[in-house]
Amino acid sequence: MPAATIHSQTRADEAFDCLQTAIVKGDLAPGEKIGELELCERFNLTRGPLREALGRLESRGLLIRRPHAGVKVVSVSGAELVELYHIREAMEGLAARQAAERMTDAEITDLQATLDSHETMIELAQGQAYYQGEGDYDFHYRIATGSRNAKLAQMLLGDLYYMVRMYRYRLSTSAGRPQKALGEHRRIVEAIAQRDGELAEFLMKRHINAARKNIEQKIREGVLNI
């Protein structure tokens with residue numbers, strides 16, 4: 001493959017990672033209308049890689065393109081977000097149960113090490129945020145894949161996964177929430193390490209239920225404008 005093609009693909013990947021992170025962290029807010037020229041200037045991107053990145057983000061359901069209306073970041077209503085968390089509670093609870101039955105000891109040890117790195121990140125953020133990268137660095141991603149349930153993982157890691165990531169970071173910025181969420185993650189992994197599927201499912205459901213209640217409170221208080 002020509003070097004120029006490799007370079008172009010790398011720049012497209014960088015543009016994609018840059019914009020996806022901006023969406024997840026809220027720098028590009030839900031419902032925000034975006035234009036190519038503005039994005040190029042704001043994120044120091046060029047048109048070719050940007051357009052490829054926009055296409056990939058659209059395929060992930062993070063951007064919506066409307067005829068004669070341009071492109072905007074996807075958004076959901078408060079009621080829809082709460083329903084997403086009801087779905088997560090049931091599905092991720094099952095994933096945690098099956099992860100306790102099916103993850104290898106090496107995978108569990110590696111997941112515990114990942115949580116150690118999360119703790120360091122929270123400390124660097126002075127306890128103000130809990131940002132998890134995509135894929136293997138994401139606790140919830142690892143539980144879904146660790147379930148060894150292909151259909152369940154497909155549902156959890158499809159559009160639902162990317163949509164939820166948009167809101168998870170914003171919700172993690174509540175006072176004390178990053179440390180609390182990390183503690184909940186550690187207890188879930190402890191249950192998985194003990195091969196206690198029933199406890200792992202219960203703890204995961206309680207974890208996501210707490211996050212949903214946090215959403216509902218923020219909506220009532222007008223802190224989360226969606």
Side-chain angles (χ1 to χ4, degrees), residues 12-92 95 129-135 137-141 143-145 151-174 177 181 208 211-226:
D13 290 340
E14 290 173 351
F16 172 78
D17 290 340
C18 173
L19 294 178
Q20 180 171 248
T21 298
I23 291 172
V24 169
K25 288 191 170 184
D27 296 327
L28 291 173
E32 180 177 344
K33 187 174 180 179
I34 57 178
E36 290 186 7
L37 180 59
E38 175 196 355
L39 292 176
C40 286
E41 293 176 348
R42 185 171 169 184
F43 296 100
N44 193 27
L45 303 172
T46 54
R47 283 291 181 92
L50 171 64
R51 286 173 177 167
E52 182 175 332
L54 292 177
R56 290 168 63 183
L57 290 167
E58 187 178 357
S59 70
R60 285 195 169 181
L62 294 177
L63 296 180
I64 300 174
R65 191 184 304 271
R66 303 291 189 199
H68 312 297
V71 179
K72 69 175 184 177
V73 180
V74 71
S75 63
V76 298
S77 69
E80 288 171 330
L81 185 58
V82 169
E83 284 304 313
L84 283 177
Y85 271 72
H86 277 295
I87 294 168
R88 283 187 67 203
E89 184 176 335
M91 294 174 65
E92 292 200 41
Y130 188 171
Y131 176 73
Q132 299 179 64
E134 182 183 337
Y137 195 66
D138 182 348
F139 168 78
H140 292 277
Y141 180 96
I143 297 298
T145 57
K151 290 296 184 183
L152 180 61
Q154 183 180 25
M155 289 185 283
L156 283 172
L157 303 178
D159 290 348
L160 175 64
Y161 175 69
Y162 300 109
M163 178 74 72
V164 168
R165 284 192 78 226
M166 288 178 56
Y167 292 94
R168 263 180 27 204
Y169 178 78
R170 294 171 66 193
L171 295 164
S172 78
T173 58
S174 301
R177 183 60 195 166
I208 296 176
R212 176 175 54 80
K213 288 181 178 177
N214 183 37
I215 292 170
E216 291 170 335
Q217 181 178 346
K218 283 179 174 290
I219 291 173
R220 286 194 300 269
E221 295 173 350
V223 176
L224 187 62
N225 297 315
I226 53 178

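Heads up: numbering here begins at 1 and tracks the sequence.
The backbone N or O of His140 sits nowhere less than 3.5 Å from a side-chain atom of Tyr161 that would complete a donor-acceptor pair. At distances below 3.5 Å, not a single donor-acceptor pair connects side-chain atoms of Glu83 with backbone N or O atoms of Glu80.
In terms of heavy-atom proximity, Ala153 sits nearest to Ala144 at CB-O, 3.8 Å. Shortest non-hydrogen contact noted between Ala211 and Tyr85 is CB-CE2, 3.7 Å. Nearest approach of Val76 to Met163, heavy atoms of both residues: CG1-SD, 3.6 Å. Pairing each heavy atom of Lys33 with each of Gly70, the nearest pair is CE-CA, 4.4 Å. Taking each heavy atom of Leu50 and Cys40 in turn, the nearest pair found is CD2-SG, 3.5 Å.
Figure legend: Arg165 and Tyr162 shown without cation-pi pairing, the cationic atom not lying both under 6.0 angstrom from the six-membered ring centre and within 45 degrees of its axis.
Met166 places a side-chain heavy atom less than 4.5 Å from the side chain of Pro30. Between Leu54 and Leu39 the shortest side-chain heavy-atom distance falls below 4.5 Å. Under the 4.5 Å side-chain criterion, counting only non-hydrogen atoms from C-beta, Val74 is not in contact with Ile23. Side-chain contact between Ile215 and Leu81: present, with at least one pair of heavy atoms (C-beta onward) separated by less than 4.5 Å. Annotation: side chain of Val73 is not in contact with side chain of Leu57 (no heavy-atom distance under 4.5 Å).
For the salt bridge (charged side-chain N to carboxylate O under 4.0 Å, His left out) test with Glu58, the passing option among Arg65, Lys72, Arg66 is Arg65; the others fail. For the side-chain hydrogen bond (donor to acceptor under 3.5 Å, both in side chains) with Glu216, the lone residue among Arg220, Lys218, Lys213, Arg212 that qualifies is Arg212.
To the nearest 0.5 Å, atom CG of residue Leu62 and atom CG of residue Leu28 are 10.5 Å apart. Considering CD of Glu32 and CG of Leu63, their distance stands at 10.5 Å, rounded to 0.5 Å. The CG atom of Leu156 sits 10.0 Å away from the CD1 atom of Ile87 when rounded to the nearest 0.5 Å. To the nearest 0.5 angstrom, Met91 atom CE is 5.0 Å from Leu152 atom CG.
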N/O donor to acceptor pairs below 3.5 angstrom from side-chain atoms of residues 15-22, sequence neighbours left out:
{"residue": "Gln20", "atom": "OE1", "partner": "Arg60", "partner atom": "NH1", "Å": "2.8"}
{"residue": "Gln20", "atom": "NE2", "partner": "Glu134", "partner atom": "OE1", "Å": "2.5"}
{"residue": "Thr21", "atom": "OG1", "partner": "Asp17", "partner atom": "O", "Å": "2.9"}

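Remark: Phe139 engages His185 in a ring pair (Phe, Tyr, Trp, His ring centres under 6.0 Å) (not counting sequence neighbours).
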Checklist entry - Can you list the steps and then say if Leu37 with Arg42 is a side chain to side chain contact (heavy atoms under 4.5 Å, CB included)? => result CA-CA 9 Å; Leu37 180 59; Arg42 185 171 169 184; over 6 Å; no
